[in-house]
Number of protein chains: 2
Amino acid sequence: MKPRSTGCCHGSHVELPTLTAKLRKESLKITGPRQAILEAMRHHPHPLLIKELHALLAEGDCDLVTVYRSMKTLQKMGMVRRVEFGKGGSRFELVTDEGREHHHHLVCEACHAVMQLDDCLLLEVERRIEKASGFRSVTHRLEFFGICPACQKSSVPKP
Amino acid sequence: MKPRSTGCCHGSHVELPTLTAKLRKESLKITGPRQAILEAMRHHPHPLLIKELHALLAEGDCDLVTVYRSMKTLQKMGMVRRVEFGKGGSRFELVTDEGREHHHHLVCEACHAVMQLDDCLLLEVERRIEKASGFRSVTHRLEFFGICPACQKSSVPKP
DNA sequence: AAGCTTTTGCAAATGGTTTGCAGTGGGTGG
DNA sequence: CCACCCACTGCAAACCATTTGCAAAAGCTT
Ligand SMILES: [Mn+2]
Ligand SMILES: [Mn+2]
Ligand SMILES: [Zn+2]
Ligand SMILES: [Zn+2]
């Protein structure tokens with residue numbers, strides 16, 4: 001499980017047409033708000049609070065309520081994933097389906113920086129739990145928390 | 001990681017005097033509401049919603065707001081632990097400090113039954129992440145979800 | 001371009017949690 | 001044993017995230 005920095009505007013983004021195509025395939029309308037939202041999420045690979053996501057949009061692009069409704073819709077069709085850091089509401093991130101499907105995060109409790117961790121190794125644990133408990137379709141939700149290098153030095157973190 | 005059923009009134013409970021002693025040690029007052037709350041939690045080893053916990057108390061024993069304030073106080077002194085199942089608010093469970101300190105749960109998504117899992121095996125993963133990322137004091141939050149044996153048969157779960 | 005349907009914005013409702021404040025009651029010292 | 005004081009509690013109201021109702025606006029299809 002190697003940490004991997006996921007700052008904005010680094011790697012190859014998903015193309016917007018690729019995303020809207022998925023909407024069309026589900027016969028969902030390609031509206032202004034939805035394009036604005038997807039455009040914003042493309043450039044911000046981290047799990048975003050609804051409030052943060054809304055703040056990224058240009059004034060008047062999309063109502064807060066529409067962001068909520070869009071997350072529900074996009075989640076249902078598998079384009080976004082809900083992530084919970086346990087504070088201040090649900091977060092959402094684009095599903096990039098480039099192989100790095102299921103993954104977890106390492107969050108700094110001081111400045112809230114986020115690193116993405118790849119290679120989850122709990123899948124075999126899930127199988128073991130299924131066998132031992134009789135439960136089926138076992139999944140898991142896992143996040144790591146700690147203090148990032150920057151916040152260790154500067155005892156004045158930037159929350 | 002072996003599942004272990006933790007239904008109510010099975011194993012050895014913590015004694016109430018043991019719990020109130022901890023309050024006294026911290027020079028916190030041993031009040032009616034606090035005793036009622038601890039008494040209820042002793043008998044319910046699962047992570048409880050504030051609402052559920054309040055419902056367990058006898059009418060007039062303790063105000064809902066006081067349950068909230070007690071959880072904050074008890075959590076601060078390490079007597080209870082906050083657990084998030086990602087739906088319907090925070091849950092709390094007594095810290096029994098019988099060695100089974102840190103642990104995780106397996107929750108049925110249909111009927112919400114809970115099994116406690118012992119023997120977390122992520123502690124060495126935390127060390128590895130610290131080394132690779134430079135983060136310090138790394139902890140984690142992990143829960144498993146699935147469909148329990150009962151709900152698999154009866155396609156009419158009891159949510 | 002017209003029509004049908006989905007989607008949006010705004011306002012208000014909801015549900016969980018916190019806060020302000022005045023009154024109560026544990027615990028301690030007299 | 002009593003009285004005093006501060007921690008603690010109840011009640012109401014504020015707060016914050018999320019959902020819902022409804023009429024107007026905007027996609028998509030024909
Ligand atoms: Mn991610
Ligand atoms: Mn537990
Ligand atoms: Zn995983
Ligand atoms: Zn663990």
Side-chain angles (χ1 to χ4, degrees), chain A residues 16-17 19-40 47-77 79-80 82-92 112 159, chain B residues 16-17 19-40 47-77 79-80 82-92 112 159:
Chain A
L16 184 57
L19 296 172
T20 55
K22 289 183 185 172
L23 287 178
R24 187 170 296 112
K25 190 176 305 175
E26 302 272 336
S27 45
L28 291 174
K29 299 189 176 174
I30 299 172
T31 66
R34 283 176 180 165
Q35 290 180 74
I37 288 171
L38 290 171
E39 185 66 13
L48 292 167
L49 292 172
I50 295 274
K51 194 196 331 180
E52 294 171 337
L53 179 48
H54 182 242
L56 289 174
L57 307 176
E59 178 70 35
D61 261 11
C62 174
D63 191 81
L64 217 215
V65 177
T66 300
V67 181
Y68 277 102
R69 286 196 268 233
S70 297
M71 288 307 104
K72 185 170 292 187
T73 303
L74 294 174
Q75 185 184 223
K76 208 167 295 177
M77 60 183 288
M79 285 185 67
V80 307
R82 178 192 300 261
V83 179
E84 307 274 359
F85 287 173
K87 244 173 189 149
S90 297
R91 291 165 180 268
F92 295 86
H112 304 119
Chain B
L16 184 58
L19 296 172
T20 56
K22 290 182 184 170
L23 287 177
R24 186 171 294 112
K25 190 176 304 175
E26 303 272 336
S27 46
L28 292 175
K29 298 191 175 171
I30 300 173
T31 65
R34 283 175 181 168
Q35 290 180 74
I37 288 170
L38 291 171
E39 184 66 12
L48 291 167
L49 292 171
I50 297 274
K51 193 197 330 182
E52 294 171 337
L53 179 47
H54 181 242
L56 288 174
L57 308 177
E59 178 69 38
D61 261 9
C62 174
D63 191 82
L64 215 214
V65 177
T66 300
V67 181
Y68 276 102
R69 285 195 268 234
S70 297
M71 287 307 103
K72 186 170 292 187
T73 304
L74 295 175
Q75 184 183 224
K76 208 167 295 177
M77 61 184 288
M79 285 185 69
V80 307
R82 179 193 298 261
V83 180
E84 308 276 0
F85 287 172
K87 243 173 191 149
S90 297
R91 292 164 180 270
F92 295 87
H112 304 118

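Residue numbering restarts at 1 for every chain, and letters A, B, ... go by the order of the sequence lines.
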Answer with base, sugar-phosphate or nothing: what part of the nucleic acid does [X] contact at a heavy-atom distance below 4.0 Å?
X: B:I30; answer: sugar-phosphate
X: B:S90; answer: sugar-phosphate
X: A:K72; answer: sugar-phosphate

If you find the nucleotide of DNA chain C closest to B:R82 and the one closest to B:R24, which residue's nucleotide is nearer the 5' end?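 Between the two, 5'-proximity favours B:R82.
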Which sits closer to the 5' end of DNA chain C, B:I50 or B:L28, going by the nucleotide each is nearest to?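 The residue whose closest nucleotide sits nearer the 5' end is B:I50.
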Closest heavy-atom contact between B:G88 and B:L49?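 So the minimum-distance heavy-atom pair works out to O-CD2, 3.1 Å.
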For B:M71 and B:V80, work out which heavy atoms get closest and say how close.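 Distance-wise, the nearest heavy atoms are O-CG2, 3.9 Å.
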Could you state the [atom1]-[atom2] distance from [X] to [N], rounded to the nearest angstrom?
X: A:D61; N: C:dT7; atom1: CG; atom2: C1'; result: 15 Å
X: A:D63; N: C:dT7; atom1: CG; atom2: C1'; result: 12 Å
X: A:L64; N: C:dA13; atom1: CG; atom2: P; result: 18 Å
X: A:R34; N: C:dT8; atom1: CZ; atom2: C1'; result: 10 Å
X: B:R91; N: C:dT17; atom1: CZ; atom2: C1'; result: 16 Å
X: B:R69; N: C:dT19; atom1: CZ; atom2: P; result: 10 Å
X: A:L74; N: C:dT7; atom1: CG; atom2: P; result: 11 Å

Taking atom CD of B:E39 and atom CG of B:L19, what is their separation to the nearest 0.5 Å?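 Output value for this atom pair is 9.0 Å.
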Distance, nearest 0.5 Å, that separates CD of A:Q35 from CG of A:L16: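 Going from CD on A:Q35 over to CG on A:L16, the span is 6.0 Å.
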Quick one: how far along DNA chain D does chain B reach, first to last nucleotide 5' to 3', anything under 4.0 Å to a heavy atom?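 Endpoints of the contacted stretch of DNA chain D: D:dC6 to D:dA12.
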Between [X] and [N], is there a side-chain N or O to OP1/OP2 distance below 4.0 Å?
X: B:Y68; N: C:dT17; answer: yes
X: A:T66; N: C:dT7; answer: no
X: B:K29; N: C:dG25; answer: no

Check whether any side-chain heavy atom of A:T31 lies under 4.5 Å from a side-chain heavy atom of A:T66, and answer yes or no.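 No, too far: nothing below the 4.5 Å cut-off.
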Contact between B:V67 and B:C62 at the side-chain level, heavy atoms closer than 4.5 Å - yes or no?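 Yes, at least one pair of side-chain atoms sits under 4.5 Å.
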For B:L23 and B:L74, run side chain to side chain contact (heavy atoms under 4.5 Å, CB included): C-alpha distance rounded to whole Å, both residues' side-chain angles, the deciding distance at 0.1 Å, then the answer. CA-CA 9 Å; B:L23 287 177; B:L74 295 175; 4.0 Å; yes
